[in-house]
Number of protein chains: 2
Amino acid sequence: MTSTLLSAAAVAATQPADPRALTPALPDFELIELLFFAYRDFVGEPDRLLERHGFGRAHHRVIHFINRHPGLTVAELLDILEITKQSLARVLKDLIHGDFVEQKAGAEDRRQRLLFLTDKGRALADGLATMQHQRITRAVAAIGPEHRPMIARFLAELIDKERGAAPATGPSAP
Amino acid sequence: MTSTLLSAAAVAATQPADPRALTPALPDFELIELLFFAYRDFVGEPDRLLERHGFGRAHHRVIHFINRHPGLTVAELLDILEITKQSLARVLKDLIHGDFVEQKAGAEDRRQRLLFLTDKGRALADGLATMQHQRITRAVAAIGPEHRPMIARFLAELIDKERGAAPATGPSAP
DNA sequence: TGAAATATGTCAACATCATTGACGTAATTT
DNA sequence: AAATTACGTCAATGATGTTGACATATTTCA
């Protein structure tokens, strides 16, 4: 009857700000922990769908970005994911053999392997995206949709900015 | 000169809402991707500090929660992290051998191993927390501190609620 | 045109973090 | 005294990541 069964919310619940701020600014443990628990559950639900296909989180990411940018090259995908060629290769092989992804030689540069989802791949991508979308939609609804831009801004600000900004080709992804 | 060097922000940048909503509600790809990139960088920075000690993300989580709840039992830690005993054991062993964590037998129940950080462990925990705190502080400042409660609420809503709510002892953590 | 650079695939070897299932010991509860 | 609990540990396995080297096809450049 021990093991206090701490819920994620309970663990993350912290006294918001110290009443009389004598201490030199305590870390924002509440948001630190909420990010941990939120992300875990956010990817945990898709994980269970992926398991049915024998896939993992890495497959999810690959499927996601090919879905978002059909015709993506392998090099571009490596840039986005920031993993090594070898890590991607294993996952990509699974997806191609399982007929979720197909490759076509680039029209201009025939060395390139442009990546596309098959119908099967798109179906899986949609299923995964729907799960995450619904979870986000619920959360956005809870705070009021008018605050969604704040969330986007906050998350964008958490991202490292030193990484390759858009080059000559244009301001962002096509 | 290829490889469009897509920045995380650029990749996540999406047309916010479809102009004339004919399609049955596209997934919120923007927030889905922002969560991915934000979390990656949020944990990536601490990762580099942990590397110097030969530790990984799992060590970070253990150190964090022991820091937050000194005297935590092993069972409670397992409940929070939702990993197996074996996964925890390896990490905990590293931390104990490296003199970052110490165990004391429980006063009431001497089977329990209460977990505490050593000074060394607390120093590392503080370093890690400070990194994440500063990143969060920057992001909160960008949206205006008055919106911080919205962020907390949003993240809390992303968390699964089915998990063990607080038991007999009360509504939540002390 | 021939050499150099690029895009991709692949191999071997290894590290981290997770899993399951089984078993042992000490302490507590019934 | 027996059952349960808290914890530690062993063996085996899987998913995901790493580095470094090398091969092939294709494009670019001098």
Side-chain angles (χ1 to χ4, degrees), chain A residues 1-5 36 40 43-44 46-48 50-63 66 71-98 101-115, chain B residues 1-5 36 40 43-44 46-48 50-63 66 71-98 101-115:
Chain A
M1 67 193 56
T2 16
S3 107
T4 317
L5 252 289
F36 167 62
R40 183 176 65 184
V43 298
D47 279 355
R48 294 193 288 278
L50 289 156
E51 261 173 33
R52 291 187 222 160
H53 299 276
F55 295 153
R57 228 167 264 185
H59 301 82
H60 185 177
R61 298 198 275 261
V62 169
I63 285 181
I66 297 177
L72 199 67
T73 67
V74 170
E76 286 167 344
L77 191 47
L78 287 173
D79 279 347
I80 292 174
L81 297 177
E82 292 181 6
I83 57 175
T84 57
K85 208 169 22 161
Q86 181 68 308
S87 281
L88 177 58
R90 251 194 324 258
V91 169
L92 205 47
K93 190 183 294 181
D94 293 342
L95 292 172
I96 290 169
H97 288 172
V101 169
E102 60 182 355
Q103 295 181 310
K104 296 174 184 171
E108 292 182 0
D109 187 337
R110 299 218 319 267
R111 290 171 304 181
Q112 295 180 333
R113 297 287 175 266
L114 310 187
L115 302 170
Chain B
M1 68 199 50
T2 16
S3 113
T4 317
L5 252 291
F36 167 62
R40 183 176 64 183
V43 298
D47 278 354
R48 293 192 288 277
L50 290 156
E51 263 174 33
R52 292 187 221 159
H53 298 276
F55 294 154
R57 226 166 267 185
H59 301 84
H60 185 177
R61 297 197 276 261
V62 168
I63 285 181
I66 297 177
L72 199 67
T73 68
V74 171
E76 286 166 344
L77 192 47
L78 287 173
D79 279 347
I80 292 174
L81 297 177
E82 293 182 4
I83 57 177
T84 56
K85 209 174 10 166
Q86 179 69 307
S87 282
L88 176 58
R90 239 175 315 109
V91 169
L92 205 46
K93 189 184 295 179
D94 294 341
L95 292 172
I96 290 169
H97 288 171
V101 169
E102 60 182 355
Q103 295 182 311
K104 296 175 185 169
E108 292 183 359
D109 187 337
R110 298 216 322 266
R111 290 171 304 179
Q112 296 180 334
R113 298 287 175 265
L114 309 187
L115 302 169

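Note that the coordinates shown come from a computational prediction; the quantities given were computed from them, not determined experimentally. Naming convention: chains lettered A, B, ... in sequence-line order (proteins, then strands); numbering from 1 in each chain.
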- Task: Name the residue closer to the 5' end of DNA chain D, choosing between L92(B) and R111(A) according to the nucleotide with the nearest heavy atom.
- Result: L92(B)
- Report the distance from atom CG of D47(A) to atom P of dC17(C), rounded to the nearest whole Å. 18 Å
- Message: Using every non-hydrogen atom in the two residues, find where S87(A) and I83(A) come nearest and quote the distance to one decimal.
- Response: CB-CD1, 4.0 Å
- Message: What contact category does E51(B) fall into here, base, sugar-phosphate, or nothing, at under 4.0 angstrom with non-hydrogen atoms?
- Response: nothing
- Can you name the side chain to side chain donor-acceptor pair (under 3.5 Å) partners of R110(B), sequence neighbours left out? none
- Message: If I take atom CZ in residue R110(A) and atom P in nucleotide dA25(D), what distance separates them, rounded to the nearest angstrom?
- Response: 12 Å
- Query: What's the CD-C1' distance between E108(B) and dT29(C), to the nearest Å?
  - Reply: 15 Å
- Item | Spacing of L77(A) atom CG and I66(A) atom CD1 [to the nearest 0.5 Å] | 5.5 Å
- Message: Could you tell me how far apart D79(B) (CG) and dC7(D) (P) are, to the nearest whole angstrom?
- Response: 10 Å
- Verdict with reasoning, L115(B) to L92(B), per side-chain contact (heavy atoms from CB on, under 4.5 Å): CA-CA 10 Å; L115(B) 302 169; L92(B) 205 46; 4.2 Å; yes
- Message: Measuring from the side chain of A75(B) (C-beta onward, heavy atoms only), which nucleotide among dA5(C), dG9(C), dC7(D) has the closest atom?
- Response: dC7(D)
- Task: Rounded to the nearest 0.5 Å, what's the gap from OG1 on T73(A) to CD on Q103(A)? Could you check?
- Result: 11.0 Å
- Q103(A) has an atom CD; how far is it from atom C1' of dG9(C), in whole Å? 9 Å
- Quick one, give me the B/S/- string for nucleotides 10-22 of chain D, reading 5' to 3', where B means a protein heavy atom under 4.0 Å from the base and S means that only happens at the primed atoms, P, OP1 or OP2. BB----BBBB---
- Note on the structure: L81(B) CG to dT19(C) P, in whole Å, measures 10 Å
- Query: In whole Å, what is the span from the CD atom of E102(B) to the C1' atom of dC7(D)?
  - Reply: 18 Å
Under 3.5 Å, which donor-acceptor pairs link side chains of residues 53-60 of chain B to any protein atom two or more places apart or in another chain?
residue: R57(B); atom: NE; partner: D47(B); partner atom: OD1; Å: 3.4
residue: R57(B); atom: NE; partner: D47(B); partner atom: OD2; Å: 3.0
residue: R57(B); atom: NH2; partner: D47(B); partner atom: OD2; Å: 2.7
residue: H59(B); atom: ND1; partner: G56(B); partner atom: N; Å: 2.9
residue: H59(B); atom: NE2; partner: D94(B); partner atom: OD2; Å: 2.9

- In whole angstroms, the gap separating C1' of dA15(C) from CG of L50(B) amounts to 15 Å
- Item | Donor-acceptor pair (no angle test) under 3.5 Å: R113(A) side chain, dT8(C) base | no
- For side-chain contact (heavy atoms from CB on, under 4.5 Å), just list the numbers for L72(B) and L114(B), CA-CA rounded to whole Å, side-chain angles, deciding distance to a tenth of an Å, and then say yes or no. CA-CA 5 Å; L72(B) 199 67; L114(B) 309 187; over 6 Å; no
